[in-house]
Amino acid sequence: MPLRTPPPRSPTLSPDAPHALTAPDAPHALTAPDAANRLRLPDDVQLQLLQVAHHKQLQRGDSLFLKGSAPDALFGVVSGSLRVSVVAPGGREAVIAVLEPGHWFGEVSLFVGRERVYDTCAVDAAEIAVVYADDFHHLVNTQPQVHMAFTRLVCMRLRQALAWIDDAILQPLPVRLAHRLLTLDARPEASDGATTLAVSQEDLAFMLGVSRQSVNRQLKLWEDEGILRVGYRVVEVMDRGKLEGCVQDGG
């Protein structure tokens, strides 16, 4: 695909779009509802990445990369969504995350020069910004602000992982489930209106290590309260503020 330099203005890349890669609040949130702790890349860094990115189109079910593949690029979700998963020796798939527009990923394998440790595939039709390894390393080596932005991003991912471990040990299911839904919602914390998350109840159960029935029971309670709406392989968050309240109030 040809380079976009600079990227054309479109609904998905416009600074005013709620999930735009160039929007200041687009990348995914940390589990805690604290704006200072969001996983994000600064606008100027995102623009530099998009200026050297190729764009790849995926259809539903297409793989972007598989576990064990070479670390050849950094990726950003422009539109659509991707499922990140690992497969146990017995064949059971464990969904780690669903990446919505605004997520950048793949930098850890590039930094350490090791193969990918998970699979990614398109949940629906998706457009992916692909920054090849040579371009990524050139930016990191020559642009201090890019290096610092990715250092911060990796540290925030570690902090998020540790928070999830704490949740798994200490927090009840409603808090853990609310945390995970907030993490998947790429909007700023104060956003109004509904947003649809391309994640099924089975996905959420795998992420949290609980039964689908337990997830369904809690989602139905929140649905009755008007916090969200459950659809086929989607969860529509109707009131983000109330969902954040479930975290703060312990479920």
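Computed from a predicted model, the values in this text were never measured in an experiment. Numbering starts at 1 and runs along the sequence shown.
A donor-acceptor pair under 3.5 Å is formed between the side chain of Asp203 and the backbone N or O of Ser200. The closest donor-acceptor contact from the side chain of Arg60 to the backbone of Ala122 lies at 3.5 Å or more, if one exists at all. Of the possible polar contacts, none joining the Ser109 side chain to the Gly106 backbone as a donor-acceptor pair under 3.5 Å is found. At distances below 3.5 Å, not a single donor-acceptor pair connects side-chain atoms of Asn141 with backbone N or O atoms of His138. Here the side chain of Arg240 pairs no donor or acceptor atom with the backbone of Ile227 at under 3.5 angstrom. Asp135 contributes no side-chain N or O that, together with a main-chain N or O of Val131, makes up a donor-acceptor pair within less than 3.5 Å. Under a 3.5 Å cut-off, the side chain of Glu100 and the backbone N or O of Thr196 do not form any donor-acceptor pair. With Glu223 contributing its side chain and Val230 its backbone, the two residues share a donor-acceptor pair below 3.5 Å.
When side chains are defined from C-beta on, Leu219 counts as touching Leu177, because their heavy atoms get closer than 4.5 Å. The side-chain heavy atoms of Leu58 and Lys56, taken from C-beta on, include a pair separated by under 4.5 Å. Using a 4.5 Å cut-off on side-chain heavy atoms (C-beta onward), Val210 and Arg176 make contact. Looking only at side-chain heavy atoms (C-beta outward), Val77 and Trp104 stay at 4.5 Å or farther from each other. At least one side-chain heavy atom of Asp119 sits under 4.5 Å from a side-chain heavy atom of Ser85. Contact check for Val237 versus Trp222: no side-chain heavy atoms found under the 4.5 Å cut-off.
With hydrophobic clusters built from ILVMFWY side chains whose heavy atoms lie under 4.5 angstrom apart, Leu82 shares a cluster with Val117. Residues Leu243 and Met238 do not share a hydrophobic cluster, clusters being chains of Ile/Leu/Val/Met/Phe/Trp/Tyr side chains in contact below 4.5 Å. Residues Phe75 and Val86 fall within the same hydrophobic cluster, defined by Ile, Leu, Val, Met, Phe, Trp and Tyr side chains chained together at heavy-atom separations under 4.5 Å. Phe150 and Val52 fall within a single hydrophobic cluster, where Ile, Leu, Val, Met, Phe, Trp and Tyr side chains are chained together by heavy-atom contacts under 4.5 Å. Taken together through direct or relayed side-chain contacts under 4.5 Å among Ile, Leu, Val, Met, Phe, Trp and Tyr, Phe206 and Val234 form parts of separate hydrophobic clusters.
Taking both residues in full, the closest heavy atoms of His54 and Tyr132 are given as CD2-CE1, 3.3 Å, listed atom of the first, atom of the second, then distance. The two atoms that bring Ala198 and Val98 nearest to each other are O-CG1, 3.3 Å, heavy atoms only. Taking both residues in full, the closest heavy atoms of Gln201 and Val215 are given as O-CG1, 4.1 Å, listed atom of the first, atom of the second, then distance. Contact between Ala53 and Ala129 at its shortest, heavy atoms only, is CB-CB, 4.1 Å. Annotation for Ala178 and Val247: closest pair CB-CG2, 3.6 Å, computed over non-hydrogen atoms. The minimum heavy-atom distance between Val78 and Ile128, with the atom names listed, is CG2-C, 4.4 Å.
The distance from atom CE of Met207 to atom CG of Leu181, rounded to the nearest 0.5 Å, is 9.0 Å. Of the inter-residue distances, the one linking Leu41 atom CG with Leu47 atom CG reads 12.0 Å to the nearest 0.5 angstrom. Thr151 OG1 to Glu107 CD: the interatomic distance, rounded to the nearest 0.5 Å, is 10.0 Å. Distance check: His179 NE2 to Cys246 SG gives 10.5 Å after rounding to the nearest 0.5 Å. Summarising the geometry, atom OG1 belonging to Thr142 is positioned 8.0 Å from atom CD belonging to Gln48; distances are rounded to the nearest 0.5 Å. The CG atom of Leu228 lies 9.5 Å from the NZ atom of Lys220; values are rounded to the nearest 0.5 Å.
When the shell of 6.0 Å around CG of Asp44 is examined, it contains more than 12 heavy atoms from other residues, nucleotides or ligands. Arg116 CZ: more than 12 foreign heavy atoms inside a 6.0 Å radius.
Checked for salt-bridge contact, Glu202 and Arg212 meet the test: a charged N lies under 4.0 Å from a carboxylate O. A salt bridge does not link Asp124 to Arg233: none of the charged nitrogens lies less than 4.0 Å from a carboxylate oxygen.
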Show, in sequence, the C-alpha distance, side-chain angles and deciding distance for Leu99 and Val123, and conclude whether the side chain to side chain contact (heavy atoms under 4.5 Å, CB included) test is met.
CA-CA 9 Å; Leu99 305 181; Val123 176; over 6 Å; no
Residue pair Leu197, Glu236: steps toward the side chain to side chain contact (heavy atoms under 4.5 Å, CB included) verdict:
CA-CA 6 Å; Leu197 306 178; Glu236 186 177 7; over 6 Å; no
Could you give me the CA-CA distance, side-chain angles and deciding distance for Lys242 and Glu225, then say whether side chain to side chain contact (heavy atoms under 4.5 Å, CB included) is met?
CA-CA 9 Å; Lys242 286 185 178 179; Glu225 296 175 24; 6.0 Å; no
Take Leu74 and Leu110, measure what side chain to side chain contact (heavy atoms under 4.5 Å, CB included) needs, and give me the verdict at the end.
CA-CA 8 Å; Leu74 173 79; Leu110 287 171; 3.9 Å; yes
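Ring geometry for Tyr118 against Phe65 counts as tilted: the plane angle lies between 30° and 60°, on a 0 to 90° scale.
For Leu221, the side-chain contact (heavy atoms from CB on, under 4.5 Å) criterion is met by Gln218, not counting sequence neighbours.
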